[in-house]
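Please read the structure below before turning to the comments.
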Amino acid sequence: MHDARELLALGDKGVARLARRGYTLPLDEVEALHRERTAAAAEVDLARAELKRSSRGGGGALPEEQRATARESRVRAQQAEARLRAARERLDALLLTIPNIPLDEVPDGRTEAEAVEVRRCGPTPAPVDEARHHAAVGASLGVLDSDRAARLSGARFSVARGAGARLERALAHFFLDLHTGTHGYTEYSVPYLVTRETMTGTGQLPKFEEDLFATRVGDRELMLIPTAEVPLTNLFAGEVLDTGQLPLAVTAHTPCFRAEAGSYGRDNRGILRLHQFEKVELVRLCAPDDARQQLELMVTHVEECLRALDLTYRVVLLPAGDLGFSARMTYDLEVWLPGSGAFREISSVSDCGDFQARRAGIRHRGPGSKKTPVVTLNGSALPIGRTVAALLEQHVRPDGSVELPEALVRYAGFSRILPGGATD
């Protein structure tokens with residue numbers, strides 16, 4: 001969430017920077033609501049001062065006339081405080097809908113087609129006419145069963161069987177071991193159901209409510225997490241961290257639940273876009289001056305996963321108009337999917353600046369013990385389903401078998417999946 005004073009100080013520059021991502025900043029409305037809140041706060045200060053004066057005595061009981069004045073002052077103070085709360089709520093409700101401001105180095109553009117390729121790793125992709133889609137490969141191996149998934153839950157769900165289920169488990173264990181043992185992340189086991197306040201802290205609410213699954217038991221509502229970024233970041237909500245604790249690096253393997261509102265008709269085949277999938281998520285909290293270095297470091301952590309799995313991929317810098325709501329800069333890592341004849345996103349690594357930290361109240365003690373918001377960063381490393389899809393498509397052999405990369409063999413307990421689901 002933004003600080004209204006900072007938005008007003010940016011003025012037309014803020015309007016122009018947000019226009020790069022296709023958002024029209026209602027600066028006049030922000031200014032009007034900020035003035036209203038400031039005036040209400042001043043009114044509260046005056047009312048409290050008046051109450052203090054009218055309640056001051058000389059050590060004995062107050063005269064009846066003074067007690068009456070004090071009661072009237074107390075009522076005025078309570079009314080002023082109610083007006084201040086209402087003014088704050090109106091301003092906050094607007095600020096919560098304003099997306100993060102892109103960094104100046106983020107390129108212009110509105111779509112993924114305008115992303116800027118930074119680098120590419122891996123062999124030249126095979127021609128599309130020689131490729132097989134992961135849904136076909138998975139079915140021939142007997143490791144993916146979309147029909148049974150549809151009978152259980154409808155569209156956009158998946159069932160993995162035998163070696164497919166073992167492959168999913170192996171990937172999660174491999175990623176967690178790599179990130180905790182080599183990259184220094186602390187692993188957490190976190191709730192999959194969280195409150196509205198938690199969703200608001202990382203920017204999922206109010207903007208993306210239609211994309212979230214919610215549960216209700218009696219008068220209690222909880223929401224299913226769309227990514228472990230939500231509970232991992234909010235672990236530190238309301239806390240003041242010592243600068244010496246930074247950077248903090250945390251990770252978790254969780255299921256993720258997304259309604260995928262507005263995406264119907266896209267990626268209907270296979271396991272690229274599901275309502276439920278698993279993912280290993282990375283989150284880092286750092287001081288503002290360290291943000292760029294931490295972002296680049298996170299990208300290398302994701303790349304190490306992809307290189308260890310012998311997957312061809314590329315890194316792209318997203319344009320301003322394609323950034324996520326909470327991000328001010330994002331690198332997408334895209335894996336080559338021969339069955340689609342295209343690079344497809346497998347991870348987004350984002351620098352959110354202090355946008356989420358302001359919403360969640362995560363601060364650190366900076367120079368002079370001043371409390372300032374931290375910077376939050378997050379990225380997938382990696383989603384299990386999309387990684388399975390990439391392995392099936394890139395590592396399928398002419399005989400229909402799929403070879404596992406060496407790094408994964410000891411986790412899976414086999415080196416090859418044969419047609420029919422057998423392994424060796």
Side-chain angles (χ1 to χ4, degrees), residues 117-126 131 134 137-138 141 143 160 163-187 227-228 249-254 256 271-272 277-284 294-316 331-339 343-349 377-397 401-417 423-424:
E117 184 172 314
V118 177
R119 58 184 169 271
R120 187 175 294 202
C121 181
T124 302
H134 67 271
V137 176
L141 295 176
V143 298
R166 289 168 62 188
L167 178 57
E168 290 185 348
R169 176 157 46 94
L171 283 166
H173 289 176
F174 167 60
F175 294 151
L176 288 172
D177 281 357
L178 179 62
H179 297 314
T180 58
T182 302
H183 300 151
Y185 290 81
T186 299
E187 182 181 355
T227 165
V250 294
T251 185
H253 167 226
T254 69
C256 305
I271 56 175
L272 295 184
F277 60 96
E278 295 185 15
K279 180 156 65 83
V280 173
E281 183 75 2
L282 306 178
V283 167
R284 297 180 79 88
Q294 294 297 314
L295 178 66
E296 301 294 338
L297 180 63
M298 286 186 73
V299 173
T300 68
H301 294 164
V302 180
E303 288 189 87
E304 189 169 343
C305 295
L306 294 166
R307 286 197 302 271
L309 298 177
D310 296 328
L311 292 172
T312 295
Y313 70 90
R314 68 174 186 166
V315 180
V316 300
Y331 288 107
D332 266 8
L333 288 92
E334 299 179 343
V335 69
W336 175 251
L337 292 180
F343 283 98
R344 301 297 301 274
E345 177 206 332
I346 197 168
S347 174
S348 287
V349 183
L377 307 99
N378 61 77
S380 305
L382 288 167
I384 305 303
R386 290 199 173 203
T387 305
V388 168
L391 288 170
L392 294 181
E393 294 196 15
Q394 288 199 30
H395 293 308
V396 65
R397 298 298 177 249
S401 66
V402 169
E403 291 187 11
L404 268 59
E406 183 178 348
L408 204 56
V409 171
R410 73 181 182 93
Y411 289 92
F414 54 86
S415 60
R416 190 165 56 138
I417 308 175
T423 60
D424 63 11

Arg307 versus Tyr313: any side-chain heavy-atom pair under 4.5 Å?
yes
Could you walk me through whether Val118 and Tyr331 pass the side chain to side chain contact (heavy atoms under 4.5 Å, CB included) check?
CA-CA 9 Å; Val118 177; Tyr331 288 107; 4.0 Å; yes
Spacing of OH belonging to Tyr185 relative to CE belonging to Met298, to within rounding of 0.5 Å:
4.5 Å
Side chain Glu168, main chain Ile384, donor-acceptor under 3.5 Å
no
Could you pull out the closest heavy-atom pair between Cys256 and Thr227, with the gap in Å?
SG-CA, 3.8 Å
As an exercise, state the distance from CD of Glu334 to CG of Leu306, rounded to the nearest 0.5 Å.
11.5 Å
Do any N or O atoms from the side chain of His301 and from the backbone of Ala381 form a donor-acceptor pair under 3.5 angstrom?
no
Check whether any side-chain heavy atom of His183 lies under 4.5 Å from a side-chain heavy atom of Thr251, and answer yes or no.
no
Counting only heavy atoms not in His395, do more than 12 sit closer than 6.0 Å to its NE2 atom?
yes
I need the minimum non-hydrogen distance between Val316 and Glu117, along with the two atoms involved.
CG1-CA, 3.9 Å
Please check this pair: side chain of Thr312 against backbone of Pro123, looking for a donor-acceptor N/O pair closer than 3.5 Å.
yes
Roughly how far, to the nearest 0.5 Å, is CG of Leu295 from CG of Asn378?
10.0 Å
Answer yes or no: is there a donor N or O on one side and an acceptor on the other, between the side chain of Arg284 and the main chain of Leu377, under 3.5 Å?
no
Which distance, rounded to the nearest 0.5 Å, do you find between the CG of Leu171 and the CZ of Arg386?
15.0 Å
Kindly say whether Ser348 contributes a backbone atom to a donor-acceptor pair with the side chain of Ser380 at under 3.5 angstrom?
no
Value rounded to 0.5 Å, distance of CZ in Arg397 from CD in Glu403:
4.5 Å
Verify whether one side chain among Glu393 and His134 offers a donor that lies under 3.5 Å from an acceptor in the other.
yes
Correct closest heavy-atom pair for Thr254 and Ala228 would be OG1-CB, 3.5 Å
Using 0.5 Å steps for rounding, measure from the CZ atom of Arg314 to the CZ atom of Arg119.
13.0 Å
